[in-house]
Amino acid sequence: MTVKEDLADLLQDAWDRARGDGELSVPFGEPPALELPRKKGHGDLASTLALVLAPLERKPPRKVAEILLAHLADRGRILDRAEVAGPGFLNFFIQSDYWREALRDLLRQGEAYGAGRIGEGKRVLLEFVSANPTGPLHVGHARGAALGDALANLLAAAGYAVDREYYINDAGKQVETLARSVYARYRELMGDTVPFPEEGYRGEYIQTIAREILEREGPRYREVAEETWYPSFLEQSLTTILGWIRSDLEAFAVRFDRWVSERSLFRDGKVAATLSDLKARGQTYLRDGAIHFASTAFGDDKDRVVVKENGEHTYFASDIAYHREKFARGYDLMVDLWGADHGGYLTRVQAAMQALDCSVDRLRIVILQMVTVLREGKPAAMSKREGEYILLREVLEEVGKDAARFMFLTRRADSHLEFDLEVAKRQSSENPVYYVQYAHARICSLFHQAAERGIALLSVEAISLDRLTEPEEIALLKHLAFFPPLVEESARALEPHRLTGYLLDLAAAFHGCYFQHRVITDDRDLTLARLALAQGVGIVLRKALGILGVSAPERM
RNA sequence: GCGCCUGUAGCUCAACGGGACAGAGCAGCAGCCUUCUAAGCUGCGGGCUAGGGGUUCGAGUCCUCUCAGGCGCGCCA
């Protein structure tokens, strides 16, 4: 039970009693919501139940609040006091002992603390990154990778069974262009003058791949027909780039359970099956030699081509098949993480799912806004074709995994992100992530100190937590107690960034407390109580940082 | 032109499925290390939440219009 649940039960009970006494009459409604007041004097938790109920009850909000208050039956278990305030808020002040026992509970649970139940073991598929295998991952992908990985961890922490998937767009014109670009560079390396593909990829990495092929296979593809070199160049280019992508993701501590290839969907007949399904449902038609999907029937701006005039499939066709396949796998929830440049694609995918009777509410698409990279105070140009972009690899080398991930994860998905490389490097010691990590390192240091001084730790049950009486200590206890509901709420909202805010608050509360109250003193019981508090903070820091994929160092 | 996203302190961003007096960090100023890590702590200043209308007991949050920025508007992916 979390604090919010405990109090919500109490309030629900009061509500039921008030109805039983005939003082309130509205039969049902939402379960009472509780929120953290922004201002200190407004209690530890507040409810707006009376405000919501008042118009339905045709009573003044304060009157409703009084009635609820009168029916509150806490028997001194949780509450210190409760009061009606402002227009009709119910403010709850919770006993210090409640918070202390919450810490004891935390310590009993250890690393399991904060494990949520809202997932109920439901299966979630999270698809993210899914960058085209036509070049190395850049900083935009890094944001998606950080968010996706953290989101997957978060959902898992909230009790979902999560699968992480990367969709490889290894079919179509882009990878064809990739192969041609590499071949052109291959010929150039041998001194041949060949035309470079018009829309070809001009990044330096193309030469790298060409050079590797030349070293590995020599000039054997110099004077052969396209049918001979093309398949080989395609495969080798894809393999090389996917290798880069995998190792970059690994270095960024981003994990995937499954890699789904677009070509495999064609190979396994999934695309054909999907198209015939759509056709059978009367959702496609032929126009100008191309097969269109009638997406306008589902709110799209125009109908979309799925099979081109030349008989090739569009990316959209295989993507419909991919999503249909995901639905068929029986997930309770599917989450797609897309870059803002794919935002215009949302309507048509939802349209396709509707057309196939896949319930769209099981699919949630998170659009991630762009990243602007600042180098030396100026925006760095990002153009994949020209090969100008800041790579994930570079970010890792310059900024580091922890700082980069934390920075990506302090912003909401739909907010544009400015990533200043100079600031991240130069001021690395002032980076918020170090502030949080430092709190963890300090706590570890405390336990080393305690061990050196031969302080014997007690079992959880034997610690005198009532020795924790300072306002800063109580404040810390409260922070810790709010972690479990935070996990559930962030997961529900698909917003891992709430955890970074929480971590900064928690670290600040800890640093403040640490500065003001010495942990290790001659007072044995007090020392043990404060160590227990520090341990609780350490556990939550580790847990939350772990969800974000940021390390919790023992010393700094 | 149309669609989606954004606009909050000098800068970068928060504000938890509308809630009470909008908060942090950085930058600026002034203090705190003989004692558990100063990558720390304490204090100060800083806002018509882009702007106008509306809904509501209550709006940074919802609706609408205007302005500004980003992304998209391919038989590319």
Side-chain angles (χ1 to χ4, degrees), chain A residues 30 33 35-39 41-42 46 48 51-52 54-55 60-61 85-89 91 132 134 169 171-175 177 199 262 288-292 300-302 304-310 312-316 318-319 339-347 367-370 372 374 407 410-420 423 427-435 437-439 441-442 444-450 452-453 482 485-486 489-490 492-493 495 497-498 500-502 504-505 507-508 510-516 518-521 527 530 534 555-556:
Chain A
E30 296 290 302
E35 59 197 36
L36 283 78
R38 286 207 274 222
K39 193 159 165 78
H42 292 155
T48 57
L51 289 164
V52 178
F89 291 100
N91 292 342
N132 291 338
T134 52
N169 300 126
K173 193 176 273 179
Q174 295 206 5
V175 287
T177 303
E199 300 265 291
E262 184 182 2
D288 304 330
I291 299 176
H292 289 65
D300 201 1
D301 294 335
K302 49 181 155 183
R304 308 290 174 172
V305 171
V306 284
V307 181
K308 305 181 215 171
E309 202 177 353
N310 65 6
E312 290 175 4
H313 295 79
T314 61
Y315 167 79
F316 184 40
S318 42
D319 210 23
D341 52 343
H342 288 247
Y345 197 72
L346 193 145
T347 315
I367 303 289
L368 211 47
Q369 291 304 316
M370 297 277 115
T372 309
L374 297 185
M407 195 159 288
T410 46
R411 273 75 164 177
R412 307 160 42 89
D414 51 15
S415 126
H416 300 231
L417 191 153
E418 194 164 281
F419 196 98
D420 192 325
V423 169
Q427 302 187 330
S428 63
S429 64
E430 294 163 20
N431 194 303
V433 70
Y434 298 110
Y435 183 78
Q437 289 183 318
Y438 185 57
R442 260 188 164 170
C444 292
S445 172
L446 278 174
F447 280 90
H448 288 132
Q449 276 287 330
E452 268 179 33
R453 299 185 191 198
F482 280 113
L486 176 76
E489 285 157 22
S490 317
R492 201 196 322 276
E495 291 182 349
H497 79 272
R498 294 188 195 185
T500 55
Y502 172 81
L504 290 167
D505 284 347
F510 174 74
H511 287 309
C513 191
Y514 176 92
F515 183 81
Q516 210 158 342
R518 202 182 159 75
V519 174
I520 298 170
T521 62
T527 299
R530 287 186 171 160
R555 61 186 87 236
M556 290 172 71

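Naming: A, B, ... by sequence-line order, numbering from 1 per chain.
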Point to revise | Minimum side-chain heavy-atom gap A/Thr314-A/Lys308 below 4.5 Å | key: yes
Expressed in whole Å, how much space separates the [atom1] atoms belonging to [N] and [M]?
N: B/A39; M: B/U34; atom1: P; result: 15 Å
N: B/A15; M: B/G23; atom1: P; result: 14 Å
N: B/G7; M: B/G52; atom1: C1'; result: 16 Å
N: B/A22; M: B/G47; atom1: P; result: 12 Å
N: B/U55; M: B/G74; atom1: C1'; result: 41 Å
N: B/C48; M: B/C32; atom1: P; result: 35 Å

Check your understanding: Checking all strands, does A/Ile367 fall into the base, sugar-phosphate, or nothing category for heavy-atom contacts under 4.0 angstrom?
Key -> nothing
Review point. Who pairs with A/Arg412 by salt bridge (charged side-chain N to carboxylate O under 4.0 Å, His left out), at least two apart in sequence or on another chain?
Key: A/Asp414
Check your understanding: Out of B/C36, B/C75, B/C71, which has the shortest distance to the side chain of A/Glu309?
Key -> B/C75
Study note, to complete from the structure: A/Tyr434 has its side chain closest, among B/A39, B/C71, B/A38, to B/A39
Check your understanding: Reading nucleotides 11-19 of chain B 5' to 3', which nucleotides get B (base under 4.0 Å from a protein heavy atom), which S (sugar-phosphate only), which -?
Key -> -SSSBBS-B
Separation of [N] [atom2] from [X] [atom1] (nearest whole Å):
X: A/Gln174; N: B/C75; atom1: CD; atom2: C1'; value: 15 Å
X: A/Tyr345; N: B/G74; atom1: OH; atom2: C1'; value: 12 Å
X: A/Arg304; N: B/G74; atom1: CZ; atom2: C1'; value: 9 Å

Check your understanding: Does B/C5 sit syn or anti, given that only angles within 90° of 0 count as syn?
Key -> anti
Review point. Is the shortest side-chain N/O distance from A/Lys302 to OP1 or OP2 of B/G74 below 4.0 Å?
Key: yes
